Amino acid sequence: MKELRAIILAAGKGTRMKSDLPKVLHPVCGRPMLSYVLKAVQSAGSLTSYVVVGHEAEKVQKILGEGVEPVLQKELLGTADAVRRVEGFLKDFRGDVLVLCGDTPLLKAETLKALVKKHRQTGASCTVLTAVVGNPSGYGRILRTTDGQAIAIREDKDLLESERSILEINVGVYCFKNESLLKTLPLVKMNPKKKEFYLTDVVEIMAARNLKIETMETDSPQEGWGINTQAELASAAAVLRQRILQKFMLDGISIVDPATTFIDADVKIGRGTLIKPFTVIEENVVIGKDCVIGPFAHFRPGTKIGNNVEIGNFTEVSRSTIGDQSFMKHFSFLGDTVAGREVNIGAGVVTANFDGKEKHLTRLGDGAFIGSDSILVAPVKIGKQAVTGAGCVVAKEKTLPDHHVMVGVPGKIIGKRKI
Ligand code: UD1
Ligand code: CA
């Protein structure tokens, strides 16, 4: 099996985002757009990926994981020039290279896999992902001979009048035989209008040298959608959110109202859990089986919920762990809390986890009963089966021993729990 590598173009400024954050770092469902593209190429089999960085290169480099090499393009001289920055890494490489952009978070790994498969089956030098769309303006168009052979990609600005009616566009995703790519890249000339080197010109040069050009038409052009503006970012997030929710529902999670449920990427939820409307679950949160969540529940990163847990109305849980069969049914905030099993958190309970400088931990033992409106000024420790009375303020650094009861402001221990 041939090896696969990927080149992701991400040096552009993304001016239209009107943001200080580099375009490819804008989050979609909790993760930077670029990380979706990286994940897709990795799932498609790319062992080594190169990200061409330029604008705010250091910031982009920071999010690249293992097997991903940043390559600097100092001057933005076009997509062919961007790919040429990687040449040095590909000298002795005999496999195939995927080339795509870092601003296409909707692209699916399956589509890339299919593209690579067709590329290998046909033995093409270059296989281009294309789409037929209603409004092709702004995109490069696929030029074909009368017998249907793709021979060039013409950029929108350079189209002849007779070519304006072509509805087949270049999505901007390609698979190349590395040797053919390296031989052709140096032959690309600067586009006189834009003063840039176009990667798309590689196709015409290859075709003229009788190297085989293949295309694969995708039936969901949306996948190749490059995000340019904040509005497009929001639309892409809406699509990804639907994909995430669909997957959960297929896995046996009940979502009462997908339109008002916001679940980020990399969240795990166990089967049988019911999610009521207006719930926000942020990245990497883990929720167990048979839980009841919401309405109006907010889970922030670093949160892990056990099985058969109820987290109800107007609640926020942040960087906290809550054990099996615990309840927190009404308007409460838990931050930096480790709660055991069968803990009952009454209405209005608040952890005061931040003292203005640092965040502190709250520990709640198994079976603890935290009375309504209790305030836990962290760091505090509430023992197993211990009870706080309604409105109790547990002062900073206090420990309530197992089975004991605390009431009042500031909280005083009044004895043991009667069971
Ligand atoms: C490109 C294609 C066009 C295709 C479209 C699909 C070319 C010449 N044209 O046009 O046929 O229909 O994508 O979206 O390739 N970049 C760099 N360095 C550069 C220039 C660009 O890294 O010097 C990166 C950008 O950050 C961006 C990507 O390459 O992620 C595409 O560049 P862009 O200028 O947006 O190309 P398009 O005009 O969209
Ligand atoms: Ca673009």
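Order of appearance sets the numbers: ligands from 1, and atoms from 1 within every ligand. Remember, it's a predicted structure, so these values are computed and weren't measured experimentally.
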Below the 3.5 angstrom mark, is there an N/O of G172, backbone or side chain, next to an N/O of ligand 1? no
Output yes when E155 and R141 qualify as a salt bridge under the 4.0 Å nitrogen-oxygen rule, no when they do not. no
Flag N170 as yes when one of its N or O atoms lies below 3.5 Å from any N or O atom of ligand 1, and as no otherwise. yes
Electrostatic pair E87-R85, nearest N-O below 4.0 angstrom: no
Ligand 1-proximal atoms of D81, by part, heavy-atom distance under 4.0 Å: neither
Region of A80 engaging ligand 1 - heavy atom pairs below 4.0 Å: neither
Can you tell whether the side chains of K113 and E110 come within less than 4.0 Å, N to carboxylate O? no
Under 4.0 Å between heavy atoms, the region of A82 that gets near ligand 1 turns out to be side chain
When you measure from the heavy atoms of V171 to every atom of ligand 1, does any distance fall below 4.0 Å? yes
Look at R94 together with E3 and state whether they make a salt bridge at an N to O cut-off of under 4.0 Å. no
Does Y139, backbone or side chain, put an N or O under 3.5 Å from an N or O of ligand 1? no
Determine, step by step, whether E217 and T130 satisfy the side chain to side chain donor-acceptor pair (under 3.5 Å) criterion, reporting the C-alpha distance in whole Å, the side-chain angles of both residues, the deciding distance to 0.1 Å, and the verdict. CA-CA 5 Å; E217 188 185 318; T130 74; 4.9 Å; no
Side chain, backbone, both or neither: V24 near ligand 1, heavy atoms under 4.0 Å: neither
If you compare all heavy atoms of E397 against all heavy atoms of V380, which two are closest, and at what distance to 0.1 Å? N-CG1, 4.2 Å
If you measure from the Lys or Arg side-chain nitrogens to the Asp or Glu carboxylate oxygens, is any gap between E283 and R31 under 4.0 Å? no
At less than 4.0 angstrom from any non-hydrogen atom of L77, what atoms of ligand 1 do you find? 23 (O)
Can a salt bridge be assigned to the pair R341 and D366 using a cut-off of 4.0 Å between side-chain N and carboxylate O? no
Determine, for F93 and R5, whether the Lys NZ or Arg CZ falls below 6.0 Å from the six-membered ring centre while staying within 45 degrees of the axis. yes
Sub-3.5 Å N/O-N/O distance, G102 and ligand 1: no
Below 4.0 Å, non-hydrogen atoms only: which portion of E196 touches ligand 1? Side chain, backbone, both or neither. neither
Looking only at heavy atoms of G78, does any of them come nearer than 4.0 Å to an atom of ligand 1? yes
Within reach of ligand 1, part of E155 (heavy-atom separation under 4.0 Å): side chain
Could you tell me whether R271 atom CZ has more than 12 heavy atoms of other residues or ligands within 6.0 Å of it? no
List every atom of ligand 1 that sits less than 4.0 Å from any heavy atom of T79, numbering the atoms from 1 in the order shown and giving each element. 7 (C), 8 (C), 15 (O), 20 (C), 21 (C), 29 (O), 31 (C), 32 (O)
Does L199, backbone or side chain, put an N or O under 3.5 Å from an N or O of ligand 1? no
